[in-house]
Amino acid sequence: MAKPTIMRIQPFDANKDFEITLSWMGNRAHANRVIIYDSDTNNVVFDDLVSSFALKHTIPAHTLQNSKKYIIQAQTYDVENIPSALSNKVLFYTFATPDFYFEDIPENQIITNSSFTATIHYYSEDWEDISKYIFYLYDASKKQLTQSNELTDGVDISYTYKGLDNNTVYYIRCVGVTVNGMELDTGYVEITVKFENPNTYARIYATPLPSQGCIQVATNLIIIQYNGTDSFEYIDGMIDLRDKILYYDKGFLIEGDFTVIIRGIHLWQTADIFKMKNGNLGLTLSSRIYTNGELRFRLLVPNGANNYLIYSGPQVFDNTDMVTVAIRRKNNVYQLKVFIELGFTTEGDIWYGTERPSQQLMSDNDAWVNTDGNTYVVGKDSYTTFLDKAEPLNTILNDLWLGGD
């Protein structure tokens, strides 16, 4: 006896409606029935008949449970209500929809560079690994411009868009699939590229010299040398200036407009942070902690008989947070901006929890350990590592033991 065929069923989220499609070669079907069994117990969990000419059947949301395997069969009914034979059994899976979105798009969605590295936040509560994915770039009308190769790195899900035009609207998108075939899609995310093209300053200048058959290369980058007697430590790519002063007195001169960027941690203090001076002219960047528990940065610029003062907005951050202070002068007008990167960690920290921390919070050498519950950071100086086959006797919370058989 003829029997219908159930078209391939991709893993789906049981908390949402899902439509099953059938294929049938007999008399026109006036109804169809699906029967779903629990794969572990073989008990029937769903048995439903619908009157429809369409060879489709909807499984209502919350009928099944996520993180399970099921078996399904189907049959059709003709105009005389005569049933076909049951179809072959088909196995399928249900999973909760994983989190899959761009995690580092600025709030104003403005990209201030011609290149941009987009990182995907991926998390599946069912531990369903991602198998492959592709990044896409579209113009303002959503016409595809470029796409990445098929990528498979399940840890660093990122891609660098390059050659973006200034003052242009784009859409970015990432589409992927899990190891069991569940489809993923960030949807179209709008970004606007807007950056300043420097015309006075450039990193490298190239001048052809035809008569000599060569090119003269020059740069406005200047290497300056500290000539003092203090010694300094470099920790995780940063110089440790706590209780020390780094002083340069020769080797460079800033003329006209400029931008100075100071970036560091442990800046929760009342102190002078940075000074520049050329003869009688200069500036001082300082910070002050107020009694209400907030901090403001202050820029002091001598200006003839008066002082030019700029205060940042109130800031609240931890000493482990990365703070970036930008000072800019253009046409003798100064600007002061502050950016806080919450939760900054240095290389060598470990994390534990159910959800992998974002790329912005982890360095290349950080480690992440899966456990139940939330996700936590453990500073690299706050735990002890034991390398031994025997389990250590004296440990504290967050210690790490690597060993065993």
| task | Decide yes or no on side chain to side chain contact (heavy atoms under 4.5 Å, CB included) for Asp257 and Asn331, but give the supporting numbers first. | result | CA-CA 7 Å; Asp257 298 336; Asn331 297 327; 4.1 Å; yes
Side-chain contact, heavy-atom cut-off 4.5 Å: [X] with [Y]?
X: Ile327; Y: Ile262; answer: yes
X: Phe274; Y: Val325; answer: no
X: Thr97; Y: Met182; answer: yes
X: Pro83; Y: Tyr77; answer: yes

[X] [atom1]: over 12 foreign heavy atoms closer than 6.0 Å:
X: Glu19; atom1: CD; answer: yes
X: Lys142; atom1: NZ; answer: yes
X: Lys16; atom1: NZ; answer: no
X: Ile245; atom1: CD1; answer: no

| task | Output, in order, the C-alpha distance, side-chain angles, deciding distance and verdict of side chain to side chain contact (heavy atoms under 4.5 Å, CB included) for Trp268 and Ile289. | result | CA-CA 8 Å; Trp268 186 261; Ile289 302 173; 3.3 Å; yes
Aromatic ring pairing [X]/[Y], orientation class (parallel under 30°, perpendicular over 60°, tilted between):
X: Phe317; Y: Phe297; answer: parallel
X: Phe18; Y: Phe12; answer: parallel
X: Tyr93; Y: Phe95; answer: parallel

| request: Quickly, which of Tyr159, Phe135, Tyr133 forms a side chain to side chain contact (heavy atoms under 4.5 Å, CB included) with Ile120? Name it, please. | output: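 One option only clears the test, and that one is Phe135.
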| said: For Ile59, run the side chain to side chain contact (heavy atoms under 4.5 Å, CB included) check against Asp17, Ile9, Ile36 and tell me which one passes. | reply: Ile36
Atom pair [atom1]/[atom2] of [X] and [Y] - distance to nearest 0.5 Å:
X: Arg288; Y: Leu295; atom1: CZ; atom2: CG; answer: 10.5 Å
X: Leu86; Y: Thr76; atom1: CG; atom2: OG1; answer: 10.0 Å
X: Thr259; Y: Lys330; atom1: OG1; atom2: NZ; answer: 9.0 Å
X: Leu285; Y: Met276; atom1: CG; atom2: CE; answer: 11.5 Å
X: Lys277; Y: Lys275; atom1: NZ; atom2: NZ; answer: 9.0 Å
X: Thr324; Y: Leu267; atom1: OG1; atom2: CG; answer: 9.5 Å

| Would you say Thr94's side chain and Gln65's backbone share a donor-acceptor pair under 3.5 angstrom? | yes
| Does the Glu128 side chain pair with the main chain of Asn180, one donor and one acceptor, at a distance under 3.5 Å? |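 Answer holds: yes.
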Check [X] against [Y] and note the closest heavy-atom contact, atom names and distance.
X: Tyr161; Y: Ala118; result: CE1-CB, 3.8 Å
X: Asn332; Y: Tyr308; result: O-CE1, 4.3 Å
X: Gln269; Y: Ser287; result: O-OG, 2.6 Å
X: Thr58; Y: Pro60; result: O-CD, 3.4 Å
X: Gln109; Y: Ile105; result: CG-CG2, 4.0 Å
X: Ser87; Y: Ile6; result: OG-CD1, 3.5 Å

| said: Assess the residue pair Thr119 and Asp104 against the criterion (side-chain hydrogen bond (donor to acceptor under 3.5 Å, both in side chains)); give the C-alpha distance rounded to whole Å, side-chain angles, the decisive distance to 0.1 Å, and a yes or no. | reply: CA-CA 6 Å; Thr119 303; Asp104 50 5; 3.2 Å; yes
| query | Which pairs pass salt bridge (charged side-chain N to carboxylate O under 4.0 Å, His left out) with one or both residues in residues 37-46, sequence neighbours excluded? | reply |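 Non-adjacent pairs meeting salt bridge (charged side-chain N to carboxylate O under 4.0 Å, His left out): Asp38-Lys68.
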| query | What do the steps show when you test Ser158 against Asp156 for side-chain hydrogen bond (donor to acceptor under 3.5 Å, both in side chains), and what is the final call? | reply | CA-CA 6 Å; Ser158 64; Asp156 182 11; 2.8 Å; yes
| query | Can you name the residues that form a side chain to side chain contact (heavy atoms under 4.5 Å, CB included) with Ala54, not counting sequence neighbours? | reply |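 Per chain and number, Ala54 pairs via side chain to side chain contact (heavy atoms under 4.5 Å, CB included) with Ser52.
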| field | Residue of the set Lys143, Gln144, Arg173 for which side chain to side chain donor-acceptor pair (under 3.5 Å) holds with Tyr138 | value | Arg173
| query | Within 45° of the six-membered ring axis of Phe258 and under 6.0 Å from that ring's centre, is NZ or CZ of Arg329 located there? | reply |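 Checked: cation-pi criterion not met.
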| said: My understanding is that only residues two or more places apart in sequence, or in another chain, count here; which of them pass ring pair (Phe, Tyr, Trp, His ring centres under 6.0 Å) with Tyr136? | reply: none
| What ring pair (Phe, Tyr, Trp, His ring centres under 6.0 Å) pairs are there with at least one residue in residues 42-61, not counting sequence neighbours? |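 Listed by first then second residue: His30-Phe53.
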| note | By side-chain hydrogen bond (donor to acceptor under 3.5 Å, both in side chains), Asp129 pairs with (sequence neighbours left out) none
| Who are the side-chain hydrogen bond (donor to acceptor under 3.5 Å, both in side chains) partners of Asn88, not counting sequence neighbours? | Lys3
| If we ignore angles and hydrogens, is there a donor and acceptor under 3.5 Å between the side chains of Tyr188 and Glu190? | no
